[in-house]
Every structure is written in C-alpha cells, then in structure tokens.
Amino acid sequence: MRHITSLQTAILFVTMRGIAAMISSGRKLTVSTWNVAAINNNPFEYWITYDENPKYEQLMSDVESFLEAPGDRDVPVMDVFNEDMFSKLDGRMQQVGWESVRS
C-alpha cells in the first residue's frame, strides 16, 4: 500500500470540498484533456488543414503515399536495427529489471 502524505491529504480534502460545493449549487463539471506531449512517429495524428502553406499538405500526402506503397524504397527493419543492436538493447533492458522480449 502506498503512503499518502499530508500534502496529498490536504489536496484531496480541498478538492472534495470544492466538488461537494459545486454539486450542492447545481453546477456541473465539464472536463477536456489533450495529451499535447505525445511524441510518436505517426504524422497523421497531427495532420491539420493548413491553407496558408500548400507545401504542408503536399508533404503529408507524399508521406501517406510512401506508407501505402513504398516500392523499392521499402527497407526491412533488420537492415536498420540489426541482431547485434537488438541483443545490446535486450541486455540493457534486463540490467534494469525488465524481462527479455526474446521469444
């Protein structure tokens, strides 16, 4: 079981008191979140309409075309991330207590 600090207890108390006051007054809480720090390799997660820069639209269309049909530009993962690299990574992961991902 995790130990709860007095600061966490105080924050929880103030939060619950505020929620109780909001409910008793008839107000509703509306919340929205967006993880703006999610960094990944999916360019389409952030594809937007950007009329001021037609080159952006062209770039995104070109990326989509490449992903759908890379042709002779396709590269096997093993050419980029070889067995030696995988072995080193797997060893380092095990050193910090992670299970090996080898099957």
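Everything numeric here is computed off the predicted structure, so don't read it as measured data.
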Checklist line | Note, Lys55 side chain near Leu59 side chain (heavy atom, < 4.5 Å) | finding: no
Check: Sequence neighbours excluded, which residues qualify as salt bridge (charged side-chain N to carboxylate O under 4.0 Å, His left out) partners of Arg73?
Finding: none
Next item on the list: Could I get the full list of salt bridge (charged side-chain N to carboxylate O under 4.0 Å, His left out) partners for Glu83, not counting sequence neighbours?
Entry: Arg102
Check: How is the hydrophobic cluster of Val77 composed, in terms of its other members, when Ile, Leu, Val, Met, Phe, Trp and Tyr link through side-chain heavy atoms under 4.5 Å apart, directly or indirectly?
Finding: Phe81, Met85, Phe86, Leu89, Met93, Val96, Trp98, Val101
Next item on the list: Please name all residues satisfying salt bridge (charged side-chain N to carboxylate O under 4.0 Å, His left out) with Asp84, sequence neighbours left out, ordered by chain then number.
Entry: Lys88
Note to self: Does Gln94 form a side chain to side chain contact (heavy atoms under 4.5 Å, CB included) with Asp90? I'd like the steps, not just the answer.
What the structure shows: CA-CA 6 Å; Gln94 289 180 54; Asp90 191 54; 2.9 Å; yes
Checklist line | Non-neighbouring partners of Asp62 that pass side-chain contact (heavy atoms from CB on, under 4.5 Å), sequence neighbours left out | finding: Gln58
Note to self: If the condition is side-chain hydrogen bond (donor to acceptor under 3.5 Å, both in side chains), which residues does Asp79 pass it with, not counting sequence neighbours?
What the structure shows: none
Check: What's in the same ILVMFWY side-chain cluster as Val75, cut-off under 4.5 Å, chained through other members?
Finding: Val80
